[in-house]
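Report on the following structure.
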Amino acid sequence: MIHNGGLLFSYDDYEYVKQHLDRSPWKEGYKVLCDNYHSNLGYRPSPQSALDRNSNGGNFMKACHDVAAAYQHALRYHLGDGEAYAEEALTILSSWVNTCEAMAGDSHAALSSGLYGYEFAVAGEMMRDYWISKDADGFKRFQEWMLKIFYPTQHTFLEGGWESVQGHYWANWGLANVAGAVCLGIVCDRRDIYNEGIEHFQIGCTNGNINRAINHVFSGEWSNVAQWQESGRDTGHVLLCQGLTGVICQATWGQGDDFFGYDDCRFLKGCEYHGAYYTAKKDVPFEPYIRNSQGPWGPVSDLITKICDRGDATGASNIWAIPYNHYAKIKNLEPERTQYTKMGMEISIPEGGGDGGVSGGYDMLGHGTLMFTRE
């Protein structure tokens, strides 16, 4: 596996950002990071003996807060705020390694394995080199802990989606566990687990397969947009799918795999669909599709015929910086191909992350304006 200072970022990325901290929009993005209490020294973690997420709740919000804090402390360390931030990041991560012994809950444990699995992996990888220089055995224990706590549930879900009817679980469940497996494979130096994640992303049986997650590419007048499997569900979940797909594409890009470019930039077309609908307020096309699910008395097939109500998309503001800057600044695509993604990015500056009182505020680690903006 390739290790270059982080799972979503490289050492070159940190240096680039440091050189731009006195300029807009990096300056504003850095202020958002520093103003977030999770990034401040003195943060006290709350590790749990079992990470529990179930249909009635659970203690998973403890993990949400703590992994956000570890990530934000790691960012501040890499951006030049001093070793105290690195030490506190290690304290937070080590507290979970030393305390948490199991994954708990019902089927919702698959959300924990995916969401917090990828987030702990990102924070751990950011601290890899520092951690090894200070305590190589401690980093090894972290890797072993990731494999013990998160991977078994990731693998079980990706293998068959809890043995439910194929297609029962919405795309965000599968995408979360693809992100989890990809990121865990990198931080744990397990090429086989990484390969499991990217193979599922391409041909897997759950809606975490990119061709199912982004389930229809339009032609003709709307040939630059693509619909999502959750487009007929609700705003929050379908925008989460965009965020998770961005994580997968960014993490694999660092390993030399270009899923940003997959199928003529299928991911970008999905982002353009969201930008056109939620930001530009356009009436976008919708292709009806059948969703198969597991009902209480057996399989159920529902025909979904229309896009969900627009709803409030501002809560998912931290999903735009990755796709816009990659496609517009790194791939240098024509402006018309990124026009709606740009609108989403512009109204989201500066992107935050890891904040608020509900779990949705922590599904993305965020701070994309700060870390992904490029000239």
Side-chain angles (χ1 to χ4, degrees), residues 1-10 13 51 63-64 66-68 70-72 74-75 78 89 92-93 96-97 103 110-129 131 139 142-158 172-202 204 206 208 210 213 240-260 267 318-319 322 353-354 362-368 371-372:
M1 308 308 300
I2 299 172
H3 304 291
N4 187 26
L7 208 154
L8 302 179
F9 324 112
S10 68
D13 292 328
L51 175 51
C64 290
D66 287 357
V67 72
Y71 168 74
Q72 292 177 28
L75 273 182
H78 281 294
I92 297 166
L93 295 172
W96 278 85
V97 173
M103 182 75 68
L111 293 174
S112 293
S113 67
L115 294 171
Y116 318 127
Y118 99 74
E119 292 179 336
F120 272 106
V122 168
E125 182 68 13
M126 291 172 71
M127 298 310 304
R128 170 190 286 267
D129 291 342
W131 204 338
F139 183 72
F142 172 77
Q143 292 176 309
E144 293 169 347
W145 177 75
M146 292 291 300
L147 289 165
K148 173 186 174 183
I149 301 300
F150 295 101
Y151 177 63
T153 306
Q154 293 170 0
H155 174 73
T156 298
F157 186 84
L158 293 178
N172 76 89
W173 292 65
L175 290 170
N177 280 280
V178 169
V182 163
C183 294
L184 187 147
I186 295 170
V187 76
C188 292
D189 298 304
R190 288 286 298 270
R191 167 64 68 171
D192 58 321
I193 296 176
Y194 174 85
N195 286 347
E196 179 181 356
I198 62 172
E199 179 177 337
H200 193 94
F201 196 44
Q202 297 170 88
T206 79
I210 187 173
L240 171 59
C241 289
Q242 177 178 316
L244 289 168
T245 305
V247 169
I248 295 165
C249 291
Q250 185 67 23
T252 54
W253 176 258
Q255 298 299 310
D257 293 319
D258 184 9
F259 285 103
F260 285 107
F267 175 44
N318 52 8
I319 63 172
I322 286 178
Y362 299 85
D363 292 341
M364 294 291 104
L365 290 166
H367 301 285
M371 296 307 302
F372 295 110

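This chain uses plain numbering: 1 for the first residue, then up along the sequence. Computation of the quantities below employed the complete heavy-atom set of this structure, encompassing side-chain atoms and omitting hydrogens, waters and symmetry-equivalent molecules. Remember, predicted model here, so these are calculated numbers, not experimental data.
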Contacts of type side-chain contact (heavy atoms from CB on, under 4.5 Å), residue Ala213, not counting sequence neighbours: Ala171, Leu175
Applying salt bridge (Lys or Arg N to Asp or Glu O under 4.0 Å) to Asp13 and not counting sequence neighbours gives Arg374
List for me each residue that meets side-chain contact (heavy atoms from CB on, under 4.5 Å) alongside Asp66, sequence neighbours excluded, and say none if there are none. Tyr43, Pro45, Ser46, Pro47, Ile92, Trp96
In chain order, what residues pass the side-chain contact (heavy atoms from CB on, under 4.5 Å) check against Thr206, with sequence neighbours excluded? Phe157, His200
May I have the step-by-step check of side-chain contact (heavy atoms from CB on, under 4.5 Å) for Tyr118 and Leu184, ending in yes or no? CA-CA 6 Å; Tyr118 99 74; Leu184 187 147; over 6 Å; no
How far apart are the closest heavy atoms of Ala70 and Leu93, and which atoms are they? CB-CD2, 3.8 Å
Short question: side chain of Gln143, backbone of Val187 - any donor-acceptor pair under 3.5 Å? yes
Sorted by chain and residue number, the ring-ring contact (aromatic ring centres under 6.0 Å, His included) partners of Phe267 (sequence neighbours excluded) come out as none
Among residues at least two apart in sequence or on other chains, which ones pass ring-ring contact (aromatic ring centres under 6.0 Å, His included) with Phe372? Phe9
Rounded distance [0.5 Å steps], CG in Asp257 versus CD1 in Ile2: 8.5 Å
Euclidean distance, Met371 CE relative to Ile322 CD1, rounded to 0.5 Å: 10.5 Å
Residue list, ring-ring contact (aromatic ring centres under 6.0 Å, His included) with Phe150, at least two apart or on another chain: Phe120, Trp145
How many angstroms lie between CG in Leu240 and CG in Leu111, if you round to the nearest 0.5 Å? 9.0 Å
Pairing residues for Phe201 by the ring-ring contact (aromatic ring centres under 6.0 Å, His included) criterion, not counting sequence neighbours: Phe259
Quick one, Met364 and Leu244 - any side-chain contact, counting heavy atoms below 4.5 Å? yes
Does Arg128 have any salt bridge (Lys or Arg N to Asp or Glu O under 4.0 Å) partners at least two apart in sequence or in another chain, and if so, which? Glu125, Asp189
May I ask you to decide if Ala181's main-chain N or O and Glu196's side chain share a donor-acceptor pair within less than 3.5 Å? no
Does Gln255 use its side chain to pair, donor to acceptor, with the backbone of Ala251 at less than 3.5 Å? no
Taking every heavy atom of Gln250 against every heavy atom of Leu8, the minimum-distance pair comes out as NE2-O, 3.1 Å
Flag yes if more than 12 heavy atoms outside Gln202 fall under 6.0 Å of its CD atom; otherwise flag no. yes
To check you understand the geometry: which heavy-atom pair defines the closest contact between Gly354 and Ala68, and what is its length? CA-CB, 4.0 Å
Which pairs with one or both residues in residues 142-155 pass salt bridge (charged side-chain N to carboxylate O under 4.0 Å, His left out), sequence neighbours excluded? none
Verdict with supporting geometry, Arg190 and Tyr194, side-chain contact (heavy atoms from CB on, under 4.5 Å): CA-CA 6 Å; Arg190 288 286 298 270; Tyr194 174 85; over 6 Å; no
For a quick test of reading the model, state the closest non-hydrogen atom pair linking Leu51 to Ala63 and the distance between them. CD1-CB, 3.7 Å
The complete set of side-chain hydrogen bond (donor to acceptor under 3.5 Å, both in side chains) pairs with one or both residues in residues 172-188, sequence neighbours excluded, reads Ser113-Asn177, Asn172-Glu230
Heavy-atom pair with the smallest gap, counting every atom of Val122 and Cys183: CG2-SG, 4.4 Å
Can you name the residues that form a side-chain contact (heavy atoms from CB on, under 4.5 Å) with His367, not counting sequence neighbours? Val32, Leu33, Asn36, Tyr71, Gln72, Leu75
Minimal heavy-atom distance between Met1 and Gly185, with the atoms involved, is CG-O, 3.9 Å
With a 4.5 Å heavy-atom cut-off, do Met103 and Pro152 have their side chains touching? no
